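Just below is one structure, and these are the notes that go with it.
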Amino acid sequence: MLVQPGVHYYPGWLSREGQEALVTELETALEIAPWFQPTMPRWGTPFSVRMTNLGPLGWVSDKSGYRYQALHPDTGNPWPQLPESIRDLWRDVADYPHPPEACLVNYYGGKAKMGLHQDRDEADFDAPVVSLSLGDDALFRIGTLERDGPTTSLKLKSGDVLVFGGPARLAFHGIDRIYPGYSTLLREGGRINMTLRRVTYPAA
Ligand code: MD3
Ligand code: FE
């Protein structure tokens, strides 16, 4: 369903069985690429969200800035491969002819949130960003290309998929809160969000 121009919402896209299989794959990936604690550029204030990545490139943030890089900031290892189910998800919903290069995995404990921001560290804004929610519910907010523009809120549930393309690709968005304790998917509770991204501009 279309939420606003460029924002497609697929509630319950991934079945419970599909979610469980993906969590199992994530647990294996976390042995190679454990959660790291991103910090704000300049000040070094920690995010309330923990992160890791899958795929050839991963998004990181530390005192020197935001960027994509091929190696985990703490272990120096390459990021684990993208699971097949994640590549299938991109093929099914992205409507874009090149594969994703990065899957940023965010972990929200009960009190974590993410302030309104734009995703603009990628060279290719023609490709959409695809998001998959796992675990506890979250209150998501999306606005316009201006920080002070009107916003729409959606309560995201485990298995929901959102696709942000075209006019929504550079829209401000964030997570206002998590609703802890409602999902039994993650042993430790909380919420995982996976975002699939194209980073580099494909060669013609
Ligand atoms: C709209 N993550 O990782 S997913 C992020 O739930 C991020 O963890 C949130 O914002 C989360 O950057 C929100 C929805 C989302 C992701 C990327 C977008 C919405 C977007 C990029 C452009 C526009
Ligand atoms: Fe974002």
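Keep in mind that this is a model prediction, so the values were computed, not measured. Order of listing sets the numbers, starting from 1, for every ligand and every atom in it.
- A salt bridge between D62 and R67 is present, with a side-chain N of the basic residue lying under 4.0 Å from a carboxylate O of the acidic one.
- Using 4.0 Å as the threshold, Q118 has no heavy atom nearer than that to any atom of ligand 1.
- Those atoms of ligand 1 with a heavy atom of R197 less than 4.0 angstrom away are 3 (O), 5 (C), 12 (O).
- Between H8 and Y10, the angle of the ring planes stays under 30°, which puts this pair in the parallel group of the 30/60° scheme.
- Per-residue contacts place R191 under 4.0 angstrom from the following atoms of ligand 1 (heavy atoms of the residue considered): 6 (O), 8 (O), 11 (C).
- Taking 4.0 Å as the cut-off between side-chain N and carboxylate O, R187 and E27 count as a salt-bridged pair.
- Taking a cut-off of under 4.0 Å to the non-hydrogen atoms of T195, the atoms of ligand 1 that pass are 3 (O), 16 (C).
- Closest protein heavy atom to atom 22 (C) of ligand 1: R169 O, 3.1 Å.
- Side-chain polar atoms of S131 and R197 form no donor-acceptor pair below 3.5 angstrom.
- Look at Y108 and you'll find a heavy atom under 4.0 Å from some atom of ligand 1.
- Cation-pi geometry between K155 and F140 is not met at under 6.0 angstrom from the ring centre and within 45 degrees of the axis.
- The distance from ligand 1 to the heavy atoms of L104 drops below 4.0 Å at these ligand atoms: 3 (O).
- Judged by the 6.0 Å distance and 45° axis criteria, R147 is not positioned over the aromatic ring of F172.
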inquiry  = Go through it in stages, so that I can follow the logic: the residues are T152 and R141, the test is side-chain hydrogen bond (donor to acceptor under 3.5 Å, both in side chains), and I'd like the CA-CA distance, side-chain angles, deciding distance and then a yes or no.
reply    = CA-CA 6 Å; T152 306; R141 196 143 58 96; over 6 Å; no
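- For atom 2 (N) of ligand 1, the nearest non-hydrogen atom of the protein is N106 ND2, 3.5 Å.
- With respect to the salt-bridge test (charged N to carboxylate O, under 4.0 angstrom), the residues R91 and D88 qualify.
- For atom 7 (C) of ligand 1, the closest non-hydrogen atom on the protein side is M114 SD, 3.6 Å.
- When hydrogens are left out, the protein atom nearest atom 15 (C) of ligand 1 is F164 CE1, 3.4 Å; that is the closest non-hydrogen contact.
- Of all the N, O or S atoms in H173, the one closest to the Fe ion (ligand 2) is NE2.
- Remark: ligand 1 and S131 share no N or O pair separated by less than 3.5 Å (distance only, no angle test).
- Looking at H173 and D119, their side chains do bring a donor and an acceptor atom within 3.5 Å of each other.
- Geometrically, R177 engages Y179 in a cation-pi contact, judged by NZ or CZ lying under 6.0 Å from the ring centre and within 45° of the ring axis.
- Each of the following atoms of ligand 1 lies closer than 4.0 Å to a heavy atom of I175: 6 (O), 9 (C), 11 (C).
- Ranking protein heavy atoms by distance to atom 13 (C) of ligand 1, first place goes to F140 CE1, 4.0 Å.
- Closest approach between the Fe ion (ligand 2) and any N/O/S atom of D119 involves OD1.
- Shown in contact with A168 at under 4.0 Å from a heavy atom are these atoms of ligand 1, numbered in order with element: 23 (C).
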